[in-house]
Chemist: 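This is the structure I want to talk about, given as C-alpha cells.
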Amino acid sequence: MNIIDNKPVRVRYAPSPTGLPHVGNVRTALFNWLFARRFNGAFVVRIEDTDQNRLVREAVDGILEGLRWLNLDWDEGPEVGGTYGPYMQSERLEIYHEAAQGLIGRGCAYYCICSPERLKELRKQQAKEKKNPGYDGKCQNLSARELQVYRDAGNVPVVRFKMVRDETISVDDIVRGNVEWKSNLTDDFVIIKSDGFPTYHLANVLDDHLMEITHVLRAEEWLSSTPRHIALYGALGLEPPQFGHLPMILGPDRSKLSKRHGSTSLLEYRGMGYLPESMINFMALLGWSLDDRTEILDRGALVESFSLERVVKSGAIFNIDKLEWMNGIYIRSLSPDDLAARIRDYWQLAPPAEIPDSVDMEYLRRIAPLIQPRLKTLVDAAERTEFFFKVGLGHVPKDLIQKGMDVASTRRALEASLSLINEMDAFSTDALEAAFEELRLRMELSRRQFFSLLRVATTASRVSPPLFETMEVLGRGRCKDRIGGAIGALRD
RNA sequence: GCCCCCAUCGUCUAGUCUGGCCCAGGACGCCAGCCUUUCAAGCUGGAAAUCAAGGGUUCGAAUCCCUUUGGGGGCACCA
C-alpha cells in the first residue's frame, strides 16, 4: 500500500440518494476514485440517506448504476460490504445518537425546543436588522423542567451543537491553501433532527472518522460548512481528515450546473450515446490537467498521472461540444468488433425505430468500420446504418437522376450496372471499384454522376460511407435487389 | 446583508509557488485550404486573451505586494 502521511489513503464518495446521479457529483466521485487508485488506497461509497423527506427509493440503484457504467469500482460500500460498515447512514443511527449524547454530556451540545415558527420569525427579525441569520442560542439555558414538559406533550427536541466561541478556525485545504473563519460567525447548528436522524454535519464527520477516511475531496459548495466540521471534530476529540475542495461544474451562465441548463444526470449522457471512456476523460479535464497539451487520457493514463496538486481552483463550464469531439475520438479508437458490440448494447438500451429489433452481429461487425469515422455519438449509428437493414428502399426518381442525365441515361447506367454485378466474379471493394470505373468510362459519365447514381440506387441516400466498401458489405444479393428496385422506380 | 472562494482566447486549460525562454502555448468550437464519387475522418493554416482594472516593487511582472471591480458558493430540523 502506498502511504501518504503515514496512513493508507482512504477516500469516499458520499452521495445523498435524492435523485439521479448528477454529473457534478460524479466528477467528485471520479476524482476520489482516481486519487484512491493512484495511491493504491481504498475507494469507499457511503450512502448519506439522512433526509427522509427528500429520499428517493430507487436513487441508490441509479447512483451505483452510474458508477458501474463508468467502471468506477468501489472497495467498500453497498453490495460489496466492508469492515467499516454499514455504509448506509440510516443503518448507523445509534452511532450518531451515542456521539450526540456524549457531546451533550460534555456540554458541547444541547437540546433545543424552539419551534419552526420561532426560528422563522427569528430569521425574519435578523434580516430586518441586517444581522447575520442564525440561531440565537435561546435553548442553551433550557431547564430540565421545560424540556420535560415539551417531551410529555409528545414532542421530540432537536440537538444543537454548541459552536465554539471567539476562535479562529482554519483549514489547510489541499487545493485552496489556508482558509480561515471567525467561529462567532457560525451559529449553533442542529446535529440531530426531531425525527431522530442526524444532519449531514454530524453523520458525515463521524463516519469519515469511523471509516478512517484520510482525504475528504468534495465540491467547493462545502467549503463554507467546513468550520462546523472542524469544530465538531474538535469537540469530539478527533483528528480531522485532510480536506480538498474541488472546483464546481457550472452551466453556461457560470452558475452551479442545474436542470435548467439541460442534461445534468450522468445516465442521460449514456442515453445520448456517449461512451463511458469519453465521460471519464472529459470529466477528468474539468478542473484538472496533466500538462499544456495532453487531452486524451484513458483511465489507465489518468490513474498513473492524477494528482491533487494539478487541480484548479476555479469552476468549469460543462462544454458539451468538447465532450462530443472527444466521444468521436474514443469511438474511432475502438476495434470494429467492440464498436459493433457497443452499438448493439446501445440499441438494446434505446431501440431506434429505424433499426430491426434483432440485427445480425456478423453483419453489424462488417458495417461498423464503415461508419466509425462518421459517428460522434452512438445515437448517430441508427441513421448512418439504417439503409443496411432496410428491405424496400423506396427510391425517389428525382434523387436517382443526376445532373446532366435524364431518365433514359439513368436507366441505361443502372441496367449496365446490374448486368455487371451479375457477371462479376469476386464481389470485393477493389474488384467493384475497378469494374465500375471501367464501366463508367465506357458510358462516358463523370465520377460524380455515375457514383452518385449508384450510391442513391444502393442506399437510397445521397450520403453514405464509401460506395464500393458499402456495396461489398451489402453483398451481391442486396445490391442487385436495390438496383433492380431503382430501375423499377424509374418506370413509374 | 454577512462570510468564504475564484479571476489567462467564447469554452476547457498551460504558464503563477521557484519573476526574464510568454508582445502568452495547447485543445474544443469557428473560418479557409488540401484530400475526395457523397458525408465524415485526417492533414495544413487562420481569426480569437491590452493575462479583470488600477496602482506599486523590479533593469524586467500573467507571475510578487496593495486596492478596486466582476463572478460564484454558503448562511435550513437539505445534503
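If you're wondering where the values come from, they're calculated on a predicted model, not measured in any experiment. In what follows, every chain begins at residue 1, and chains take the letters A, B, ... in the order their sequences are listed.
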Chemist: For A:E437, does the CD atom sit with more than 12 other heavy atoms under 6.0 Å from it, leaving out its own atoms?
Modeler: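 Above 12, so yes.
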Chemist: Let me have a per-nucleotide readout for nucleotides 64-79 of chain B, 5' to 3', with B, S or -, counting only protein heavy atoms under 4.0 Å.
Modeler: --------BBSBSBBB
Chemist: A:I320 CD1 to B:C30 P: how many Å, rounded?
Modeler: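 Going from CD1 in A:I320 over to P in B:C30 covers 14 Å.
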Chemist: Between the base of B:U38 and the side chain of A:R462, is there a donor-acceptor distance below 3.5 Å?
Modeler: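 No, no donor-acceptor pair under 3.5 Å.
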Chemist: Figure out the CZ/P separation between A:R448 and B:U37, and round it to whole Å.
Modeler: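 In whole Å, B:U37 P and A:R448 CZ are 9 Å from each other.
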Chemist: Which pairs of donor and acceptor atoms, one on a side chain in residues 276-288 of chain A, lie under 3.5 Å apart (sequence neighbours left out)?
Modeler:
residue : atom : partner : partner atom : Å
A:E277  : OE1  : A:R342  : NH1          : 3.1
A:E277  : OE2  : A:R342  : NH1          : 3.3
A:E277  : OE2  : A:R342  : NH2          : 2.5
A:S278  : OG   : A:L275  : O            : 3.3
A:S278  : OG   : A:N327  : OD1          : 2.5
A:N281  : OD1  : A:L297  : N            : 2.8
A:N281  : OD1  : A:Y330  : OH           : 2.5
A:N281  : ND2  : A:E295  : O            : 3.0
A:W288  : NE1  : A:S307  : O            : 3.1

Chemist: Look at all strands and tell whether A:Q449 reaches a base, only sugar-phosphate, or nothing, counting heavy atoms closer than 4.0 Å.
Modeler: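 Counting heavy atoms under 4.0 Å across all strands, no contact is made by A:Q449.
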Chemist: Can you tabulate the close N/O pairs, meaning under 3.5 Å, that link protein atoms to atoms of nucleotides 45-52 of chain B?
Modeler:
none

Chemist: What string of B, S and - do you get for nucleotides 13-22 of chain B, 5' to 3', when a contact is any protein heavy atom under 4.0 Å?
Modeler: SSS-------
Chemist: State the pairing partner of B:A7; accept Watson-Crick or G-U wobble contacts with both distances under 3.5 Å, and report none otherwise.
Modeler: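 Partner of B:A7: B:U69.
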Chemist: Applying side chain to side chain donor-acceptor pair (under 3.5 Å), name anything that partners A:R54, two or more places apart in sequence or on another chain.
Modeler: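 With sequence neighbours excluded, A:R54 shows a side chain to side chain donor-acceptor pair (under 3.5 Å) to A:D51, given in chain and number order.
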Chemist: With distance as the sole criterion, is a donor-acceptor pair present between the side chains of A:D207 and A:Y96 under 3.5 Å?
Modeler: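 Yes, side-chain donor-acceptor contact under 3.5 Å.
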Chemist: Tell me every residue that passes side chain to side chain donor-acceptor pair (under 3.5 Å) with A:Q125, counting only those two or more places apart in sequence or in another chain.
Modeler: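 For A:Q125 the side chain to side chain donor-acceptor pair (under 3.5 Å) partners, ignoring immediate neighbours, are A:E129.
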Chemist: If you take atom types as modelled and just measure distance, does the side chain of A:Q126 reach the base of B:G1 with a donor-acceptor pair under 3.5 Å?
Modeler: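 Check fails, no donor-acceptor contact within cut-off.
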Chemist: Roughly how many Å apart are B:U8 and B:C23, using the C1' atom of each and rounding to a whole number?
Modeler: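 Their C1' atoms lie roughly 15 Å apart.
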Chemist: Could you list all the salt bridge (charged side-chain N to carboxylate O under 4.0 Å, His left out) pairs where at least one residue sits in residues 183-192 of chain A, not counting sequence neighbours?
Modeler: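 The answer is A:R165-A:D188, A:D187-A:R228.
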Chemist: Could you check how far CD of A:E324 sits from P of B:A41, rounded to whole Å?
Modeler: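 Taking CD of A:E324 and P of B:A41, I get 10 Å after rounding.
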Chemist: How many whole angstroms separate atom CD of A:Q372 from atom C1' of B:A40?
Modeler: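 To the nearest whole Å, that distance equals 12 Å.
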Chemist: Looking only at side chains, do A:D253 and A:S255 share a donor and an acceptor under 3.5 Å apart?
Modeler: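 Their side chains do contain a donor-acceptor pair, which is all the 3.5 Å distance test asks for.
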Chemist: What pairs with A:D406 under side chain to side chain donor-acceptor pair (under 3.5 Å), at least two apart in sequence or on another chain?
Modeler: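 Testing A:D406 for side chain to side chain donor-acceptor pair (under 3.5 Å), a comparison that skips the adjacent residues, returns A:S409.
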Chemist: Report the residues that fulfil side chain to side chain contact (heavy atoms under 4.5 Å, CB included) with A:L147, sequence neighbours left out, ordered by chain and then residue number.
Modeler: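 In terms of side chain to side chain contact (heavy atoms under 4.5 Å, CB included), with neighbours along the sequence ignored, A:L147 is linked to A:Y111, A:I113, A:L142, A:R151, A:P157.
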Chemist: Using the side chain to side chain donor-acceptor pair (under 3.5 Å) criterion, which residues pair with A:Y269? Sequence neighbours excluded.
Modeler: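 A:Y269 satisfies side chain to side chain donor-acceptor pair (under 3.5 Å) with no residue once adjacent residues are dropped.
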Chemist: Name the atoms and distances for all side-chain donor-acceptor pairs under 3.5 Å in residues 216-224 of chain A, with sequence neighbours left out.
Modeler:
residue : atom : partner : partner atom : Å
A:R218  : NH1  : A:T226  : OG1          : 3.3
A:R218  : NH1  : A:H245  : NE2          : 3.1
A:R218  : NH2  : A:Y200  : OH           : 3.2
A:R218  : NH2  : A:H229  : ND1          : 2.9
A:E221  : OE1  : A:K256  : NZ           : 3.0

Chemist: A:K182 NZ to B:C4 P: how many Å, rounded?
Modeler: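 Taking atom P of B:C4 as the reference, NZ of A:K182 is at 8 Å.
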Chemist: Roughly how many Å apart are B:U50 and B:C21, using the C1' atom of each and rounding to a whole number?
Modeler: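 Between the two C1' atoms, the distance is 22 Å.
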Chemist: Specify the residue among A:K313 and A:W181 whose closest nucleotide of RNA chain B lies further upstream toward the 5′ end.
Modeler: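 Here A:W181 is the residue nearer the 5' end.
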Chemist: To the nearest Å, give me how far apart NZ (A:K322) and P (B:G10) are.
Modeler: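 From A:K322 NZ to B:G10 P: 15 Å.
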Chemist: Does A:R310 use its side chain to pair, donor to acceptor, with the backbone of A:S289 at less than 3.5 Å?
Modeler: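 Yes: the side chain of A:R310 pairs with the backbone of A:S289.
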Chemist: Tell me which residues in residues 373-385 of chain A put a heavy atom below 4.0 Å from RNA chain B, sorted by number, or none.
Modeler: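 Output list: A:P373, A:R374, A:K376, A:R384.
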Chemist: My understanding is that only one of A:D166, A:N132, A:T168 makes a side-chain hydrogen bond (donor to acceptor under 3.5 Å, both in side chains) with A:N184; could you say which?
Modeler: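 Of the listed residues A:D166, A:N132, A:T168, the side-chain hydrogen bond (donor to acceptor under 3.5 Å, both in side chains) partner of A:N184 is A:D166.
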Chemist: For the P atoms, the ones on B:U44 and on B:U37, what distance do you get once it is rounded to whole angstrom?
Modeler: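 These two P atoms come out 22 Å apart once rounded.
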Chemist: Any donor-acceptor pair under 3.5 Å linking the side chain of A:R462 with the backbone of A:S452?
Modeler: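 Looks like no, no N/O pair under 3.5 Å.
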Chemist: Would you check if the side chain of A:E48 reaches a backbone N or O of A:N204 as a donor-acceptor pair within less than 3.5 Å?
Modeler: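 No, the answer is negative, given that no donor and acceptor are paired below the 3.5 Å cut-off.
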Chemist: Can you tell me if A:R447 touches the phosphate of B:U38, counting only side-chain N or O atoms and a distance under 4.0 Å to OP1 or OP2?
Modeler: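 The answer is no; no side-chain N or O of A:R447 sits under 4.0 Å from OP1 or OP2.
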Chemist: If you check the A:R176 side chain, which of B:C6, B:C4, B:U37 turns out closest?
Modeler: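 The answer is B:C6, which lies nearest to the side chain.
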Chemist: Determine whether a donor-acceptor pair (N or O, by modelled atom type, separation under 3.5 Å) exists between the side chain of A:S183 and the backbone of A:E167.
Modeler: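 Yes, the answer is positive, given that a donor and an acceptor are paired below the 3.5 Å cut-off.
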Chemist: Suppose you measure atom C1' in B:U63 against the same atom in B:G15; what distance do you get, rounded to whole Å?
Modeler: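 After rounding to an integer number of Å, I get 8 Å for this pair.
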Chemist: Who does B:G42 pair with, Watson-Crick or G-U, both distances under 3.5 Å?
Modeler: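 Result: B:C34.
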Chemist: For nucleotides B:A40 and B:A49, find the distance between their C1' atoms and express it as a whole number of Å.
Modeler: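 Looking at atom C1' only, B:A40 and B:A49 are 32 Å apart.
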Chemist: Take atom CG of A:L297 and atom C1' of B:C12, then tell me their distance rounded to the nearest Å.
Modeler: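 Value for this atom pair: 14 Å.
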Chemist: Say we look at B:G33 and B:G10: how far apart would their C1' atoms be, to the nearest angstrom?
Modeler: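 24 Å, rounded to whole Å.
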Chemist: Starting from P on B:U36, measure out to CZ on A:F468 and report it in whole angstrom.
Modeler: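 To the nearest whole Å, that distance equals 15 Å.
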Chemist: Which whole number of Å gives the distance between the P atom of B:A32 and that of B:C51?
Modeler: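 Comparing P positions in B:A32 and B:C51 gives a spacing of 30 Å.
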Chemist: Whom does B:C75 pair with, Watson-Crick or G-U wobble, provided both distances fall under 3.5 Å?
Modeler: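 Matched B:C75 with B:G1 under the 3.5 Å cut-off.
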Chemist: Which part of the nucleic acid does A:P465 contact within heavy-atom distance under 4.0 Å: base, sugar-phosphate only, or nothing?
Modeler: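 Base contact - A:P465 has a heavy atom under 4.0 Å of at least one base atom.
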Chemist: Mind checking the P distance from B:U69 to B:G54? Whole angstroms is fine.
Modeler: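 It works out to 15 Å between them.
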